Amino acid sequence: MALDSDQFLTTLIQRYKLETWFTFGKLASSTQPADTDVQQALVESMLNLILQLVYQRMYMGLSEERMVHLEVVTKLTMGDFTHSQLTEYLPEKPGISELTDLFDEVLSQVSDFKEPTNESGQLTQGIYALKPDLWKSEFQPLHVMLRGSYKKGYQLAMDKYKGWYQSQNKTKVQGLWPPFRTPLELNPQFKSLYRILHSRTLHAMLFTVLYKAVKDPDSVNDNMIYLTFYLIDLCIAAPEEVAIPALERGSLKPDITVAELEDGTVPHAIVKCILFLQEHRQLPTLYKVPGKTIEQRVQELCRKLISSPHTFVIKPDQYTLQDVTEALLLMCNTRLQPPLFGRLYSAAKQLSVTTGVGTAMYDRKTHMYHVQQVLEQLPPHRYKLINMLMYYLSTLVNEELATLDQICAVYVPEGKETTTFSSIVSCYDWMFRVRKRPADMLSNVFEIKFTSDSIVKNSYQSIMGTSMVQCMYEIRKRL
């Protein structure tokens with residue numbers, strides 16, 4: 001059974017921890033997170049991965065000669081190298097043990113040899129340089145991205161290409177787009193890979209990059225734009241016969257439900273408790289610090305919630321906010337394994353030492369940034385539960401229904417430091433990268449509802465007052 005393209009792309013966004021980046025609107029916190037470059041690098045890496053899936057032919061029937069040719073040219077675009085450096089670079093391919101003769105033959109075809117020199121008594125080895133006329137037809141930026149150990153290799157190749165381009169055209173250029181190539185013919189056995197190019201989720205992702213490039217240019221770098229434009233080109237060129245019929249399309253779930261990712265009913269019960277507390281937060285009797293013993297009605301409430309989380313209804317005339325809070329704490333700290341805040345408290349202990357919590361050397365900004373990283377490394381369902389709970393607690397503080405000290409006294413176990421917990425509550429918008437948006441703006445990429453599997457038709461569809469075509473036009477005017 002073929003993997004559903006929409007499901008694959010949704011999972012990809014989750015694995016790259018990019019759910020927040022693929023949302024719309026301005027960050028609610030006036031303090032921008034300090035990892036814009038990190039977010040851009042992740043989006044760029046994800047787009048590159050998608051491109052490699054549909055572009056690469058290395059292990060899909062590519063001949064030995066073509067493989068060696070591609071690898072040698074790719075290495076030479078990054079600089080001039082000796083014979084030994086080039087042979088070490090050539091990747092091993094299963095089933096091939098001896099490529100010396102083939103390598104030398106290809107090397108003589110694609111390179112010019114620069115004789116050894118003896119300058120100031122220093123003997124330098126002879127090196128090979130790419131033949132100038134091959135820059136026009138053989139330079140493949142995507143393969144350089146794949147083979148370059150560091151981004152520096154790709155930048156070196158682009159700088160050399162820019163130098164060649166300027167020498168050929170007798171003019172200087174500022175921004176030069178990478179000369180992405182048309183992929184080689186794909187073996188029919190792998191034609192299903194093209195299905196990803198007809199995915200409406202992919203089209204929505206590409207629209208999001210273009211939209212942000214126009215509306216929020218600081219969140220998008222040039223490489224993200226280049227890769228997005230090239231993906232659109234591939235979507236247009238992809239054969240339509242591999243598109244998935246509508247009846248076979250998997251259902252796309254824009255939100256992560258805790259049931260899908262964690263066994264048992266405890267997470268459902270926790271969600272129900274949080275929703276009840278949020279709805280009835282104005283009622284009194286919440287902020288008595290729970291005692292060390294769990295009352296019988298709280299135990300009963302936990303049993304009912306866990307046994308029937310979907311059907312059982314918590315009624316305010318039967319259970320107080322105090323009861324529901326104690327039940328919530330019981331499930332978060334003991335029934336749910338590992339405890340909901342277990343990893344956070346473990347990290348908080350180390351963070352307290354490294355950031356000087358409680359001392360004159362305390363660096364609050366660094367501490368908050370590291371706490372945010374810990375949160376975003378949690379499994380998606382855990383992150384969502386903590387997000388829901390912290391939103392509720394921050395609402396209590398904002399509406400002056402409770403103070404941070406009162407909340408910490410209730411929710412932070414005895415013996416645990418409270419700085420980390422109180423920082424998450426007081427800086428909720430910053431910690432969870434909350435965005436403010438007009439009423440007519442979509443929330444995230446998953447709310448974009450394209451009506452076709454064709455990128456051509458979708459590119460003209462109006463989304464939030466614009467379209468892919470309009471965004472591309474604006475970007476091309478700028479770059």
Side-chain angles (χ1 to χ4, degrees), residues 44-45 47-114 127-165 168 176-191 193-194 196-197 223 226-227 229-231 233-234 237-238:
E44 187 180 330
S45 176
L47 293 174
N48 194 9
L49 173 60
I50 296 170
L51 275 169
Q52 298 295 351
L53 286 174
V54 296
Y55 178 86
Q56 279 299 331
R57 304 290 186 264
M58 288 294 292
Y59 301 103
M60 296 181 185
L62 197 67
S63 68
E64 296 175 16
E65 183 178 359
R66 182 57 188 163
M67 184 199 75
V68 175
H69 182 98
L70 177 61
E71 295 295 349
V72 173
V73 169
T74 296
K75 183 63 175 177
L76 290 174
T77 59
M78 293 184 270
D80 301 340
F81 297 96
T82 64
H83 189 279
S84 59
Q85 289 173 326
L86 290 168
T87 53
E88 289 174 1
Y89 172 80
L90 196 67
E92 294 183 3
K93 187 174 181 182
I96 300 176
S97 58
E98 187 60 54
L99 287 174
T100 305
D101 294 339
L102 182 57
F103 172 79
D104 289 336
E105 180 184 344
V106 170
L107 183 59
S108 65
Q109 294 171 356
V110 302
S111 68
D112 292 324
F113 181 66
K114 297 180 180 180
I127 54 177
Y128 293 85
L130 185 68
K131 289 181 181 293
D133 58 324
L134 294 184
W135 281 103
K136 182 176 182 179
S137 58
E138 298 289 340
F139 176 40
Q140 299 199 36
L142 268 184
H143 200 70
V144 175
M145 290 181 187
L146 175 68
R147 284 290 178 247
S149 301
Y150 303 97
K151 201 168 184 179
K152 181 181 178 182
Y154 170 73
Q155 192 57 53
L156 285 171
M158 283 301 300
D159 289 343
K160 286 174 70 67
Y161 173 72
K162 182 177 180 180
W164 170 84
Y165 184 89
Q168 292 293 304
L176 187 62
W177 286 55
F180 293 122
R181 309 293 178 187
T182 302
L184 296 174
E185 184 66 24
L186 185 62
N187 188 307
Q189 294 182 350
F190 300 102
K191 288 277 187 177
L193 282 172
Y194 282 139
I196 196 172
L197 298 174
N223 280 338
Y226 300 151
L227 295 176
F229 271 67
Y230 184 51
L231 267 169
D233 284 344
L234 294 182

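Just so you know, residue 1 is the first one in the sequence shown, and it goes up from there. Model, not experiment: these values are computed from the prediction.
- The neighbour count for Y165 OH, taken as heavy atoms of other residues, nucleotides or ligands under 6.0 Å away, does not exceed 12.
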Exercise. Would E44 and N48 satisfy side-chain hydrogen bond (donor to acceptor under 3.5 Å, both in side chains), going step by step from the backbone distance to the final call?
Worked result: CA-CA 6 Å; E44 187 180 330; N48 194 9; over 6 Å; no
Problem set entry | CA sep, side-chain torsions, deciding dist, call: L227, M145, side-chain contact (heavy atoms from CB on, under 4.5 Å) | CA-CA 11 Å; L227 295 176; M145 290 181 187; 4.0 Å; yes
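- Below 30°, between 30° and 60°, or above 60°: for Y55 and Y230 the angle between ring planes is above 60°, a perpendicular geometry.
- Between V144 and G153 the shortest heavy-atom distance is CG1-O, 4.1 Å.
- Distance check: L70 CG to H143 NE2 gives 4.0 Å after rounding to the nearest 0.5 Å.
- Here the OH-CG distance, from Y154 to L142, works out to 8.0 Å after rounding to the nearest 0.5 Å.
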Problem set entry | Trace of the side-chain contact (heavy atoms from CB on, under 4.5 Å) decision for K160 with T77 | CA-CA 7 Å; K160 286 174 70 67; T77 59; 6.0 Å; no
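- Residues L130 and V110 share a closest heavy-atom pair of CD1-O, 3.5 Å.
- Environment of NZ in K131: crowded, with over 12 heavy atoms of neighbouring residues, nucleotides or ligands closer than 6.0 Å.
- Interatomic distance, L156 CG to M158 CE, rounded to the nearest 0.5 Å: 11.5 Å.
- Of the N and O atoms on the side chains of H69 and E138, at least one donor lies less than 3.5 Å from an acceptor on the other residue.
- The distance between the ring centers of W177 and F229 falls below 6.0 angstrom.
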For this session: For side-chain contact (heavy atoms from CB on, under 4.5 Å), just list the numbers for R57 and M67, CA-CA rounded to whole Å, side-chain angles, deciding distance to a tenth of an Å, and then say yes or no.
Result: CA-CA 9 Å; R57 304 290 186 264; M67 184 199 75; over 6 Å; no
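- Between the CG atom in L107 and the CZ atom in F81 there is a gap of 12.5 Å [rounded to 0.5 Å].
- When all heavy atoms of A157 and M78 are compared, the pair lying nearest together is CB-CG, 4.2 Å.
- A distance of 9.0 Å separates CG of L134 from CG of D112, quoted to the nearest 0.5 Å.
- Among residue pairs with one or both ends in residues 69-78, those qualifying as salt bridge (charged side-chain N to carboxylate O under 4.0 Å, His left out) are E71-R147; sequence neighbours excluded.
- For the pair V72/S111, no side-chain contact is recorded, criterion being any heavy-atom separation below 4.5 Å from C-beta on.
- Under the 6.0 Å cut-off for aromatic ring centres, F113 and H83 do not qualify, their centroids lying 6.0 Å or more apart.
- Contact annotation: the side chain of Y161 approaches that of L176 to within less than 4.5 Å [non-hydrogen atoms, C-beta and beyond].
- With contacts defined as side-chain heavy-atom distances shorter than 4.5 Å, the pair L76/Y128 qualifies.
- Side-chain N/O atoms of Q155 and D159 include a donor and acceptor closer than 3.5 Å.
- Ring geometry for F139 against W135 counts as perpendicular: the plane angle is over 60°, on a 0 to 90° scale with 30° as the lower cut.
- Under a 3.5 Å cut-off, the side chain of E65 and the backbone N or O of V106 do not form any donor-acceptor pair.
- Atom-to-atom distance recorded for Q56:CD and L186:CG is 11.5 Å, nearest 0.5 angstrom.
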